[in-house]
Amino acid sequence: MPELPEVETVARSVDARVRGSRILQVWFGSHHELFKNPPSRQATGLEGSVILAVHRSGKHVVFELGPSATPSPATPHAQWIVHLGMTGQLLVKAPDAPVVRHTHARLTLTGGFELRFVDPRRFGRLEFRNLTRAQCFVPPGAEPLEIAPQPFAALFRGRRLAIKAALLNQSLLAGVGNIYADESLFRAGIRPTRRAGRLTHAELERLRLALRDVLGHAIRLGGSSVSDYVDANGDPGSFQVEHCVYQRTGQPCRRCGTLIRRILIAGRGTHFCPRCQR
DNA sequence: CATTTCACCTGGTGGC
DNA sequence: TGCCACCAGGTGAAAT
């Protein structure tokens with residue numbers, strides 16, 4: 001489900017519902033592979049904390065936690081970091097709402113709400129970080145909405161792998177996944193098989209701007225709901241109706257009518273227009 | 001080191 | 001209806 005626009009939408013919708021709430025009680029399921037540190041320790045850290053804010057970093061949802069909401073130098077003392085994997089959902093529900101299959105976490109909050117983490121495939125990850133003597137969470141890759149032309153070009157210099165594979169590498173750019181790699185390469189007119197280090201300055205700048213435009217447009221439409229992605233309120237996004245190539249194999253290109261092709265790059269389905277993308 | 005492949009999971013779809 | 005192959009928004013370990 002979740003690439004940058006979907007994670008941004010989830011973080012914003014969770015923030016709007018839970019900011020300022022205190023976590024009263026935490027329940028975790030028994031699938032321990034979801035937990036980057038022990039669930040008992042995470043629960044101990046979460047219980048009693050106040051959610052100061054919720055935001056996105058790369059593909060991670062970051063909860064900023066504090067001991068209380070009111071004191072103005074509200075410096076966070078801990079973070080709870082949620083990665084949604086392929087099928088993860090963060091939902092805000094009434095405590096008596098039916099608990100669906102594959103619910104792995106329930107956080108009881110003040111104000112009569114519950115935050116739930118649901119993830120059928122269990123590729124998601126939950127991590128608690130105490131910040132009293134430590135480092136806050138920063139993903140290794142650059143933010144594609146903020147990076148300037150020179151550092152963007154430098155990411156790909158000398159690399160022999162396909163540009164599509166490079167875009168999926170989270171330690172280069174954080175937040176781009178399969179949908180938005182394909183859509184951005186289409187808008188930039190670049191074939192996904194091109195070697196990253198072989199792109200011209202002009203092509204790299206087209207790609208940087210295409211990423212910015214596509215991701216920004218997708219955020220405004222609440223992300224792409226291909227199968228089961230929804231925000232904290234259970235609402236789907238609508239950017240999927242704007243897709244030009246992703247999962248449009250065999251359908252006519254919206255720009256030139258040529259049939260969209262699907263190939264494999266780095267083991268991922270890759271969609272492109274053989275005429276518009278050189 | 002850079003790059004590729006594969007395993008990790010459940011569930012939906014389409015062919016037979 | 002059932003069975004099977006294949007596909008899916010991601011990542012990190014192992015292999016090359």
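Note on naming: letters A, B, ... go to the chains in the order of the sequence lines (proteins, then strands), and numbering restarts at 1 for each one. Only this structure's heavy atoms are used, side chains among them; waters, hydrogens and symmetry mates stay out.
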Residues 256-278 of chain A vs ring pair (Phe, Tyr, Trp, His ring centres under 6.0 Å), sequence neighbours excluded, gives A:Tyr246-A:His271
Here the ring pair (Phe, Tyr, Trp, His ring centres under 6.0 Å) pairs for residues 141-196 of chain A, sequence neighbours left out, are A:Phe152-A:Phe156, A:Tyr180-A:Phe239
For atom [atom1] of [X] and atom [atom2] of [N], their distance in whole Å:
X        : N      : atom1 : atom2 : answer
A:Ile265 : C:dG10 : CD1   : C1'   : 17 Å
A:Ile81  : C:dT11 : CD1   : P     : 15 Å
A:Leu173 : C:dT11 : CG    : P     : 12 Å
A:Lys164 : B:dT4  : NZ    : C1'   : 15 Å
A:Asp228 : C:dG10 : CG    : P     : 13 Å
A:Leu34  : C:dG12 : CG    : C1'   : 16 Å
A:Asn169 : B:dT5  : CG    : C1'   : 15 Å
A:Gln247 : B:dG14 : CD    : C1'   : 15 Å

Residue set satisfying side chain to side chain donor-acceptor pair (under 3.5 Å) with A:Arg122, at least two apart, ordered chain then number -> A:His31, A:Glu33
Phosphate oxygens OP1/OP2 of [N]: is one of them under 4.0 Å from a side-chain N or O of [X]?
X        : N      : result
A:His83  : C:dT11 : yes
A:Arg159 : B:dT4  : no
A:Gln170 : C:dT11 : yes

Dot-bracket for DNA chain C, 5' to 3', Watson-Crick and G-U pairs with both distances under 3.5 Å, [ ] for crossing pairs, | for partner on another strand, reads .|||||||.|||||||
A:Val230 pairs by side-chain contact (heavy atoms from CB on, under 4.5 Å) with which of A:Val10, A:Leu91, A:Asp235?
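Going through A:Val10, A:Leu91, A:Asp235 one by one, the side-chain contact (heavy atoms from CB on, under 4.5 Å) with A:Val230 is satisfied by A:Leu91 alone.
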Checking side-chain contact (heavy atoms from CB on, under 4.5 Å) between A:Ile51 and each of A:Leu109, A:Val14, A:Leu107, A:Thr110, which is the one that passes?
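Among the candidates, only A:Leu109 passes.
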_Using the ring pair (Phe, Tyr, Trp, His ring centres under 6.0 Å) criterion, which residues pair with A:Phe28? Sequence neighbours excluded._
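With neighbours one apart ignored, the set is A:Phe35.
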A:Phe137 six-ring face occupied by A:Arg129 cation (under 6.0 Å, within 45°)
no
Show me the side-chain donor-acceptor pairs of residues 255-267 of chain A shorter than 3.5 Å, one per line, residues at least two apart or across chains.
none

A:Arg19: salt bridge (charged side-chain N to carboxylate O under 4.0 Å, His left out) partners, not counting sequence neighbours:
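With sequence neighbours excluded, A:Arg19 shows a salt bridge (charged side-chain N to carboxylate O under 4.0 Å, His left out) to A:Asp15, given in chain and number order.
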Residues at least two apart in sequence or cross-chain that pass salt bridge (charged side-chain N to carboxylate O under 4.0 Å, His left out) with A:Lys164, listed by chain then number, are A:Asp182
Describe the nucleic acid contact of [X] in one word from base, sugar-phosphate, nothing, applying a heavy-atom distance below 4.0 Å.
X        : result
A:Thr249 : nothing
A:Arg160 : sugar-phosphate
A:Phe239 : nothing
A:Gly177 : sugar-phosphate
A:Arg262 : sugar-phosphate

Just the table, please: protein N/O against nucleotides 4-6 of chain C N/O, every pair under 3.5 Å.
none

Sorted by chain and residue number, the side-chain contact (heavy atoms from CB on, under 4.5 Å) partners of A:Arg160 (sequence neighbours excluded) come out as A:Arg195
Practice item. Report the residues that fulfil side-chain contact (heavy atoms from CB on, under 4.5 Å) with A:Glu114, sequence neighbours left out, ordered by chain and then residue number. Key: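 Once residues adjacent in sequence are excluded, the partners of A:Glu114 under the side-chain contact (heavy atoms from CB on, under 4.5 Å) criterion are A:Pro95, A:Arg106, A:Thr108, A:Arg116.
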Could you go through nucleotides 9-13 of chain B and list every protein N or O atom that sits under 3.5 Å from one of its N or O atoms, giving the distance for each pair?
from	atom 1	to	atom 2	distance (Å)
B:dC9	O3'	A:Arg122	NH2	3.4
B:dC9	O2	A:Arg121	NE	2.7
B:dC9	N3	A:Arg121	NH2	3.3
B:dT10	O3'	A:His102	NE2	3.1
B:dG11	OP1	A:Arg101	NE	3.2
B:dG11	OP1	A:His102	NE2	2.7

*Inter-nucleotide P distance (C:dT11, B:dG12), Å rounded*: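 Straight-line distance between the two P atoms is 23 Å.
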